[in-house]
Amino acid sequence: MNLSRHRIFGFVAAIAVLTGLIGAASFPALERHYMRQQAAQDAVPLKLAVESLRATLDRYAPLPALIGERPQLSALLLDPENLTLRAVVNEDLRQTAATVKATDVYLMDISGRTVAAASYRDAGSYVDRNFSYQSYFNQALNGDLSSFSVYGTTTGERGYFYAAPVEEGERIVGVLAIKFNIAAFDSIWRGAQSDLMVIDRNDFVFMSSRPDWHFRAIRPLSDATLRLIAQNLQYPIDRIDILPITATPLSADAQLIDIEGAQPESFVRTSQRLTDLDWTMSSLTATRPATLNALNTLLIAGLMALLTLAALLAYLLKQTRQTEAMAQEQKAKRILEAAVVARTSDLQAALADLKQTQTDLIQAGKLSALGQMSAALSHEFNQPLAAVKSYADNAGAFLDRDRVPEARDNLDRISKMVDRMATISSHLRNFARRPQQATGPLLLNAVIQDALAVVEMRLGSEGGEIIYDPPSNETWVTGGHVRLQQVIVNLINNALDAMEDQSHGQVTITVAGPTISVRDTGAGIDPDHVANIFDPFFTTKAPGKGLGLGLSISFNIVSDFGGVLSAQNHPDGGAVFTVTLQETTPKEVAAQ
Ligand code: ADP
């Protein structure tokens with residue numbers, strides 16, 4: 001693993017840590033979000049519960065005024081010692097209470113003393129008890145037709161009370177009160193998902209789906225408040241307790257509340273105020289679902305981040321691998337290129353060497369040819385020159401003695417020598433300048449016949465035999481008559497030269513298609529010389545016998561015709577020289 005991969009892992013790890021930190025940091029906000037969502041969900045059932053509570057309360061509000069209108073009540077209040085009437089009223093109130101399912105219905109005189117009560121037969125009956133301290137009593141006495149309050153008694157029973165004045169004409173003569181057990185309300189929200197609580201203006205919980213919250217205040221009560229409660233005997237002061245709550249606002253109507261205790265609890269509290277009663281009803285939903293939701297969301301986000309990071313990591317690693325591969329490829333390419341450059345320069349150097357060697361060889365070849373030529377020429381010319389010199393000396397000596405005929409004879413010899421040198425010179429000229437004479441279609445037999453006529457004279461003097469069987473059907477070939485004749489004469493002369501020491505030498509001339517073969521019965525070509533016989537000035541003959549130009553000139557002539565001159569030794573002995581020319585057609589002949 002190289003540095004850049006380390007860097008990638010570091011980078012991805014840093015992003016992972018950062019994502020983790022962001023997730024951790026955002027958790028509380030996310031949790032709050034789900035809490036607010038919970039509060040919004042709770043608002044609807046809470047509204048229904050508030051309406052249900054209000055409907056129940058309102059249903060019974062007119063009752064005390066209705067019952068208070070019964071004439072026997074005011075009659076009893078005016079005649080309190082009338083035991084018969086009292087018994088009638090007691091029974092009437094008992095039946096009424098049973099009908100409306102009230103805990104008690106009772107009649108008080110203006111001093112607050114209870115003169116008749118539905119519970120007249122019970123042990124803890126209200127009869128003769130004085131309730132002048134109760135606020136509902138005082139309100140009713142002041143003319144309030146539907147005074148209402150909530151009380152907790154020393155027994156821990158919570159009640160709510162309605163009261164109305166009992167009038168005789170325009171005069172208030174007493175108060176009729178009805179008490180309901182508030183526990184019946186607790187059932188309003190039975191089965192609800194959330195807990196509910198109702199607090200009064202002192203933040204005192206007097207209704208709740210949680211019995212353990214009854215008679216508890218959600219904030220410390222001031223001494224003045226406590227005094228007032230004690231005075232009115234509204235709640236059992238010895239049972240008043242604090243519900244230790246820490247509240248954090250979530251929205252206008254919602255809070256996060258933590259309740260301390262042996263088992264701490266947390267709730268989303270959604271509240272609605274009942275302004276006229278100065279009550280607040282709250283729904284309390286455990287925060288657990290919101291927390292779980294937040295955790296779930298974080299988990300999903302975390303997983304997605306992880307997947308994204310994994311993908312990113314894979315992508316970056318792939319990129320690195322590609323970059324590395326490319327770098328390696330580049331390196332390999334550079335090495336290869338360097339090798340190619342080195343090899344190329346080697347080759348160039350080798351090529352330069354080769355060229356130099358070739359140049360050197362050509363130079364050497366030229367020099368060797370020049371050397372051969374100089375040697376041949378000096379042989380060719382020195383001998384006649386030496387003869388010319390001695391003939392000239394002789395001619396001079398004969399002239400001194402007036403022996404003219406002898407002098408002339410020597411001068412004739414000089415003339416012959418000069419002719420011979422002129423012939424050599426013309427050979428050389430031919431060799432140096434190859435005149436571009438025209439070529440045309442020709443028939444081989446005619447050329448061979450002319451060549452044979454030239455060598456006939458030599459045959460006569462030296463012996464030797466030429467076998468030539470003219471072809472039955474002739475082939476037209478491309479060439480020049482005189483030059484091809486020169487070639488054939490040269491080949492026949494060479495063949496005769498090679499058989500000089502034989503008494504019965506034979507030269508066989510064959511024509512097959514465009515090919516002429518000249519075979520002799522001589523010693524054949526020395527294998528050491530095969531490669532050189534066509535070189536100019538190459539000869540194995542004695543000085544004055546050969547210039548070494550015959551085959552070289554012949555080779556060039558045949559090449560000029562587009563043909564090939566080749567030499568080989570015959571398996572049965574002797575040399576075979578073959579001239580192969582290009583075939584042509586009479587049509588082309590006509591065209592020319
Ligand atoms: P020259 O005849 O003047 O030597 P050529 O070029 O005609 O020059 O021949 C070159 C040489 O080739 C001869 O000196 C001889 O060695 C060899 N040569 C040519 N023809 C024959 C032949 N028919 N048999 C053997 N050797 C031959």
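Just so you know, ligand 1 is whichever comes first in the structure, and atom 1 is the first atom listed for that ligand. Nothing here was measured: the structure is a model prediction, and the numbers come from that model.
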Mind checking whether Gly548 has an N or O less than 3.5 Å away from an N or O of ligand 1? yes

For the 3.5 Å polar cut-off, considering only N or O atoms, please tell me whether Asp520 and ligand 1 meet it. yes

Considering only heavy atoms of [X], which atoms of ligand 1 have at least one such atom less than 4.0 Å away?
{"X": "Ala495", "result": "23 (N)"}
{"X": "Gly524", "result": "25 (C)"}
{"X": "Thr539", "result": "1 (P), 4 (O), 14 (O)"}
{"X": "Ile533", "result": "12 (O)"}
{"X": "Phe577", "result": "20 (N), 21 (C), 22 (C), 23 (N)"}

Would you indicate whether Glu337, at its atom CD, is surrounded by more than 12 heavy atoms from other residues, nucleotides or ligands within a distance under 6.0 Å? yes

Taking everything shown except Glu329 itself, do over 12 heavy atoms lie less than 6.0 Å from its CD? no

Got the closest protein heavy atom to [atom], with its distance?
{"atom": "atom 24 (N) of ligand 1", "answer": "Ala498 CB, 3.4 Å"}
{"atom": "atom 10 (C) of ligand 1", "answer": "Phe538 O, 3.3 Å"}
{"atom": "atom 27 (C) of ligand 1", "answer": "Ile525 CG1, 4.5 Å"}
{"atom": "atom 6 (O) of ligand 1", "answer": "Leu551 N, 2.8 Å"}

For Pro441 and Thr584, the nearest pair of non-hydrogen atoms, with its separation, is CB-CG2, 3.7 Å

Given Leu547, Asp497, Val530, Asn494, which one has a non-hydrogen atom that is nearest to atom 19 (C) of ligand 1? Asn494

Please compare Thr540, Val507, Leu549 and report which has the shortest non-hydrogen distance to atom 15 (C) of ligand 1. Thr540

Is it true that the side chains of [X] and [Y] contain a donor and an acceptor less than 3.5 Å apart?
{"X": "Asn394", "Y": "Lys389", "answer": "no"}
{"X": "Gln449", "Y": "Asn445", "answer": "yes"}
{"X": "Thr291", "Y": "Glu31", "answer": "yes"}

N-O pairing of Lys416 and Asp412 below 4.0 Å: no

Are any of the side-chain nitrogens in Arg288 or Glu265 under 4.0 Å away from the carboxylate oxygens of its partner? no

What is the ring orientation for Phe534 with Phe577, classed by angle as parallel under 30°, tilted 30 to 60°, or perpendicular over 60°? perpendicular

Are any of the heavy atoms in Lys541 under 4.0 Å away from ligand 1? yes

